[in-house]
Amino acid sequence: MNALAKPFMGKEKFEIISLAISILNSCEKCVISHEKAVMDLGVSRNKIHDVMKLTSIVKGLSSL
């Protein structure tokens, strides 16, 4: 649990990656949780939106 509290890559990057993985896994509860965590860290809405768009594109391409 200590590794999750203080990730090596920094909390912001960790939460952004977690958000992207949650989108890929189609877990609505996780997406909401990680989106809130990223917003609480002060990440701009535009950056969050970009992460969501790119992840959705990747998810769509993987189903081709």
Side-chain angles (χ1 to χ4, degrees):
M1 287 306 286
N2 206 16
L4 293 176
K6 295 182 182 176
F8 178 73
M9 66 183 77
K11 193 72 170 156
E12 183 180 319
K13 285 183 185 178
F14 176 81
E15 288 296 339
I16 288 173
I17 290 170
S18 297
L19 173 61
I21 291 169
S22 297
I23 293 167
L24 290 173
N25 289 333
S26 301
C27 181
E28 182 181 359
K29 288 181 183 179
C30 294
V31 170
I32 291 168
S33 173
H34 289 295
E35 181 183 12
K36 182 182 180 324
V38 171
M39 288 173 40
D40 289 346
L41 291 170
V43 177
S44 72
R45 303 276 297 147
N46 285 337
K47 188 171 184 178
I48 295 169
H49 189 252
D50 288 345
V51 168
M52 291 180 162
K53 278 194 310 188
L54 288 171
T55 306
S56 297
I57 290 169
V58 168
K59 184 173 181 159
L61 290 175
S62 70
S63 66
L64 290 177

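Hydrogens, waters and symmetry mates play no part in the numbers below; they use all other heavy atoms, side chains included.
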Whichever hydrophobic residues join I23 through chains of side-chain contacts under 4.5 Å: I16, L19, V31, V38, M39, V43, I48, V51, M52

Hydrophobic cluster (4.5 angstrom, side-chain heavy atoms) - remaining members for L54: none

May I ask you to decide if K29's main-chain N or O and S33's side chain share a donor-acceptor pair within less than 3.5 Å? no

Value for CG (N46) from NZ (K53), rounded to nearest 0.5 Å, stands at 8.5 Å

Looking at OG of S62 and CD1 of I57, how far apart are the two atoms once the value is rounded to the nearest 0.5 Å? 12.0 Å

Residues which pass side chain to side chain donor-acceptor pair (under 3.5 Å) with [X], listed by chain and number, not counting sequence neighbours:
X   : value
K13 : none
D40 : K36
S26 : K59

Run the side-chain contact (heavy atoms from CB on, under 4.5 Å) check on D50 and K47 step by step: do they pass? CA-CA 5 Å; D50 288 345; K47 188 171 184 178; 5.5 Å; no

Show me the pairs that pass salt bridge (Lys or Arg N to Asp or Glu O under 4.0 Å) and involve residues 14-26, at least two apart or across chains. K11-E15

